[in-house]
Amino acid sequence: MAAPRVRIAPSPTGFFHVGTGRTALYNWLFARRHGGVFILRIEDTDTERNREEWVDGIVDALVWLGMEPDEGPYRQSERRARYQAALDTLWDAGHLYACECTRDAVRARTASNATPGYDGLCRERGLPREGHALRFRTPADGETQVHDLVRGTVTFRHETMEDFVVARSNGEPLFVLANIVDDRDMKITHVIRGEELLPSAPKAILIWQALDASGEGEAGEGEAGWGEATDLPAWAHLPMLVNEKREKLSKRRDAVAVEMYREEGFLPEALRNYLALLGWSPPGDQEKVPVQVLVESFALEDVNHSPAFFDVKKLSHMNGEYIRDLSVEDFVARVRPWVDPATERGAGRWVPESAAPPPWPEERFDAEVFGRLAPLVQERVATLAEAPGLVDFVFLPEPVTDEASWDKAIGKDPGAAGLLDAAIAAYEGTEWVAGALHAATLAVGEQAGRKLARAQAPIRVAVTGRTVGPPLFESLEVLGRDEVLRRLRAALGRIRGD
RNA sequence: GGCCCCAUCGUCUAGAGGCCUAGGACACCACCCUCUCAAGGUGGAGACACGGGUUCGAACCCCGUUGGGGCUGCCA
């Protein structure tokens, strides 16, 4: 295959949608697989809804996911002259006509029609182009076939296609027109996009062919004209991503922002790997595979036809696997991305890309202490954002006591006070390392006729505030004898009612 | 309503006529490991929507039914 040129064409109307991410990934994989070019094009013809800052978000998200565009971002807003030229050509060749019908008027006229859609009222009225919406004359007979790499050939009969609008009455081009002019100019070879765009493919083909047939040799000012026949791109319509109700993922209802997953501590390589699985699968029984394997084995022909549910649970599990694959050093660096070498302190950020401050006063943080707990934390989290909650008791002046935990392990345990007492006595004299603390606690438990599991529970809650957390004895070791004893005595004080 | 797409465990999928007693993964259940929680290990339950064909033989091919979804904007 000659080097393909593919593109993603998001419109900057909000955050980066996971569906756009999946489409971008398949485009990117295809480009990498065949030594092609991956292009980013911003479709910002709808000036009322587009905002420039969203463009940065799109680029950031792509870079974060490891799919930096080879070309672009191009912007449709900078290419108005090209669309006007195309409109001129189409108008001059008679493919377009001006229309002044409002949507409501059309609806009122056609409500009882067997085949709804625009009824062609303005078709032969000869309205002037200025100030009117422009419609494309679809042929009355025949059909247009879309040769789709994932779905095969899809046929649309022209009689079922209405005369669609290609330009607004203010002269601005619409999606179908701008999109196709860009794909021609940018020499796009494969249009890989969501299935919801399949119905617009025959319209695109009609425009494409009209442009091919019109305005022979009209190339002016060094620009390519429309007379040269250009190869139609190959189409590939990907299955949609849906929610649990099997509806198209919606920005309103569903958690679809890549930025959100990023802030919650999902790893880009994990998200990318998971996204690849939505509509396709790598060879063999392995789902968690290096990106290189994805690139080497990806094929549009193997893409599924049916919609895929975006399952956060499965994403989380895979993310946990990726986290556990990290070296401890990498894990620490990912959780806490930047540390001032002079002060050994972070910059207030914890979870990688989140602006959220840590749950403890930053000056109480100790990188060395965190490093000791890190391996224990690493195998217990599915996302990076869960990490601070597992170590907060170490850096907080006082543990945040979960009352349900207190009630369960201490409140309802008549022997808790005695056990804490005994633990204090034992901890005062023991060597302060995890192994010795383990042995000492075991002994305290035996004295009280308890197994370790029951003996450690009140101690854990007294010291960390919760019944769950990293292994207790390592936690105690890191906290230090004085602080542990202080917390145990404080708990005792609370039990005895102060 | 019209046009179009889709249909294997709850979910993501493997399966390209005999390899299928339908495989893997997430979730779920049980057990093991274990200082809690995880992680890990072992095992379990769990699907070819339905009806007709074609064929010696169908999850795989064809037709229909049913069900779901998308589009039907002077949004993209």
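Labels below follow one simple rule: chain letters A, B, ... track the order of the sequence lines, proteins then strands, and each chain is numbered from 1. All heavy atoms count here, side chains included; hydrogens, waters and symmetry mates do not. Please read these numbers as outputs of a predicted model, since none were measured by experiment.
- Remark on RNA chain B: of its neighbouring residues A/Y274 and A/V165, the 5'-side contact belongs to A/Y274, judged by nearest-heavy-atom nucleotide.
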Per-nucleotide protein contact string for nucleotides 19-26 of chain B, where B marks a base within reach and S marks sugar-phosphate only (heavy atoms under 4.0 Å, - for neither): ----SBBS
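- Within the nucleic acid shown, A/F310 has no heavy atom closer than 4.0 Å to any nucleic acid atom.
- The cationic group of A/R79 does not satisfy the cation-pi geometry with A/Y74, failing either the under 6.0 Å distance to the six-membered ring centre or the 45° limit from the ring axis.
- Distance check on atom C1': B/A49 versus B/C6 gives 13 Å, rounded to whole Å.
- The closest donor-acceptor contact from the side chain of A/D148 to the backbone of A/T153 lies at 3.5 Å or more, if one exists at all.
- Judged by distance alone with a 3.5 Å cut-off, a donor-acceptor contact links the side chain of A/S169 to the base of B/C74.
- Separation of the P atoms belonging to B/A7 and B/C63 is 14 Å when rounded to the nearest angstrom.
- For A/E162 and B/C71, the CD to P distance is 15 Å, given to the nearest whole Å.
- Distance alone, capped at 3.5 Å, is enough to place a donor-acceptor pair between the A/H158 side chain and the A/D141 backbone.
- The backbone N or O of A/P233 lies less than 3.5 Å from no partner atom in the side chain of A/H190, so there is not a single donor-acceptor pair.
- One finds the CG atom of A/L90 at 14.5 Å from the OH atom of A/Y83 (value rounded to the nearest 0.5 Å).
- Applying the salt bridge (Lys or Arg N to Asp or Glu O under 4.0 Å) test to every pair with at least one member in residues 304-330 of chain A, sequence neighbours left out, gives these pairs: A/E287-A/K314, A/K288-A/D325.
- You'll find that the side chain of A/L174 is closest to B/A76, out of B/U36, B/A76, B/C4.
- Near-neighbour residues of RNA chain B inside residues 300-307 of chain A, defined by a heavy atom below 4.0 Å, number-ordered: A/N304, A/H305, A/S306, A/P307.
- A/K203 places its NZ atom 12 Å from the C1' atom of B/C75, with the value rounded to the nearest Å.
- Residue contacts shown for A/L277 are limited to sugar-phosphate atoms, with no base heavy atom under 4.0 Å away.
- Rounded to whole Å, the separation between the C1' atoms of B/A22 and B/C48 comes to 8 Å.
- Nucleotides B/C60 and B/C75 place their C1' atoms 41 Å apart, quoted to the nearest Å.
- Among the atoms of the strands shown, none is found under 4.0 Å from any heavy atom of A/G320.
- Of the residues in residues 449-457 of chain A, those placing a heavy atom less than 4.0 Å from an atom of RNA chain B are A/L452, A/A453, A/Q456, in numerical order.
- Residue A/E379 places its side chain closer to B/A38 than to any other of B/A76, B/A38, B/C35.
- Pair assignment for B/A38 gives none, since no Watson-Crick or G-U wobble pairing has each distance under 3.5 Å.
- Taking every side-chain heavy atom of A/R168 into account, B/C74 is the closest of B/A39, B/C74, B/U13.
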A/F310 vs A/Y274, ring pair (Phe, Tyr, Trp, His ring centres under 6.0 Å): CA-CA, chis, key distance, verdict: CA-CA 9 Å; A/F310 186 85; A/Y274 177 68; 5.5 Å; yes
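- Note on residues 238-250 of chain A: pairs passing salt bridge (Lys or Arg N to Asp or Glu O under 4.0 Å), not counting sequence neighbours, are A/E247-A/R253.
- Summarising the base pairing, B/U66 is matched to B/A7 through a Watson-Crick or G-U wobble pair whose two defining distances lie under 3.5 Å.
- The only option from A/T23, A/L249, A/T20 that meets the side-chain contact (heavy atoms from CB on, under 4.5 Å) definition with A/L241 turns out to be A/L249.
- One interatomic measurement links the two molecules: CZ of A/R7 to P of B/A76, which rounds to 14 Å at whole-angstrom precision.
- Between the A/T464 side chain and the A/V461 main chain, no donor and acceptor come within less than 3.5 Å of each other.
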Footprint string (nucleotides 59-64 of chain B, 5' to 3'): B base within contact, S backbone only, - free, heavy atoms under 4.0 Å: ------
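- Here B/C20 sits opposite no nucleotide as a Watson-Crick or G-U wobble pair (both hydrogen-bonding atom distances under 3.5 Å).
- Under the Watson-Crick or G-U wobble criterion, with both distances below 3.5 Å, B/G1 is paired with B/U72.
- Between the side chain of A/E143 and the backbone N or O of A/R157 there is no donor-acceptor pair closer than 3.5 Å.
- Whole-Å rounding puts the A/L198 CG to B/U72 C1' distance at 13 Å.
- Rounding to whole angstrom units, CG of residue A/L238 and P of B/C6 are separated by 13 Å.
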Chi angles and distances behind the side-chain contact (heavy atoms from CB on, under 4.5 Å) call for A/L238, A/W280: CA-CA 10 Å; A/L238 310 176; A/W280 178 77; over 6 Å; no
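- Look at the C1' atom in both B/A39 and B/C50: the space between them is 44 Å, to the nearest Å.
- Between B/A45 and B/C28, the two C1' atoms lie 9 Å apart (nearest whole Å).
- Side-chain atoms of A/R151 and base atoms of B/C5 include no donor and acceptor less than 3.5 Å apart.
- At least one donor-acceptor pair closer than 3.5 Å links the side chain of A/N319 to the backbone N or O of A/A382.
- No contact: A/L390 has no heavy atom under 4.0 Å from any strand.
- The partner of B/C61 is B/G53, by the rule that a Watson-Crick or G-U pair needs both atom distances under 3.5 Å.
- Residue A/V181 comes nearest to A/A86 through the heavy atom pair CG2-CB, 3.6 Å, listed as atom of the first residue, atom of the second, then distance.
- Spacing between B/G2 and B/G17 at atom P, rounded to whole Å, works out to 36 Å.
- Mapping A/R380 and A/S200 onto RNA chain B by nearest heavy atom places A/R380 closer to the 5' end of the strand.
- As the counterpart of B/C28, B/G44 is assigned, both hydrogen-bonding distances of the Watson-Crick or G-U wobble pattern falling under 3.5 Å.
- Distance check: A/D402 CG to A/T467 OG1 gives 7.0 Å after rounding to the nearest 0.5 Å.
- Nucleic acid contact for A/F309: sugar-phosphate only, since backbone atoms but no base atoms lie under 4.0 Å from a heavy atom of the residue.
- In this structure, A/F164 places its CZ atom 23 Å from P of B/G2, rounding to the nearest Å.
- Among the atoms of the strands shown, none is found under 4.0 Å from any heavy atom of A/M318.
- The listed nucleotides are B/G70, B/C74, B/C35; the one nearest the side chain of A/R135 is B/C74.
- Counting non-hydrogen atoms under 4.0 angstrom, A/P10 reaches nothing in the nucleic acid.
- Relative to the ring axis of A/Y26, A/R22 places its NZ or CZ within 45° and under 6.0 Å from the centre.
- Within 4.0 Å of A/R246, counting heavy atoms only, lie sugar-phosphate atoms of the nucleic acid but no base atom.
- No more than 12 heavy atoms of other residues, nucleotides or ligands shown are found within 6.0 angstrom of CD on A/Q447.
- The separation of B/G43 from B/C33, taken at their C1' atoms, amounts to 15 Å, rounded to a whole angstrom.
- Across all strands shown, A/E474 has heavy atoms under 4.0 Å from base atoms, whether or not it also approaches the sugar-phosphate.
- Checked by atom type and distance alone, the side chain of A/D183 never pairs as donor or acceptor with a backbone atom of A/I188 at under 3.5 Å.
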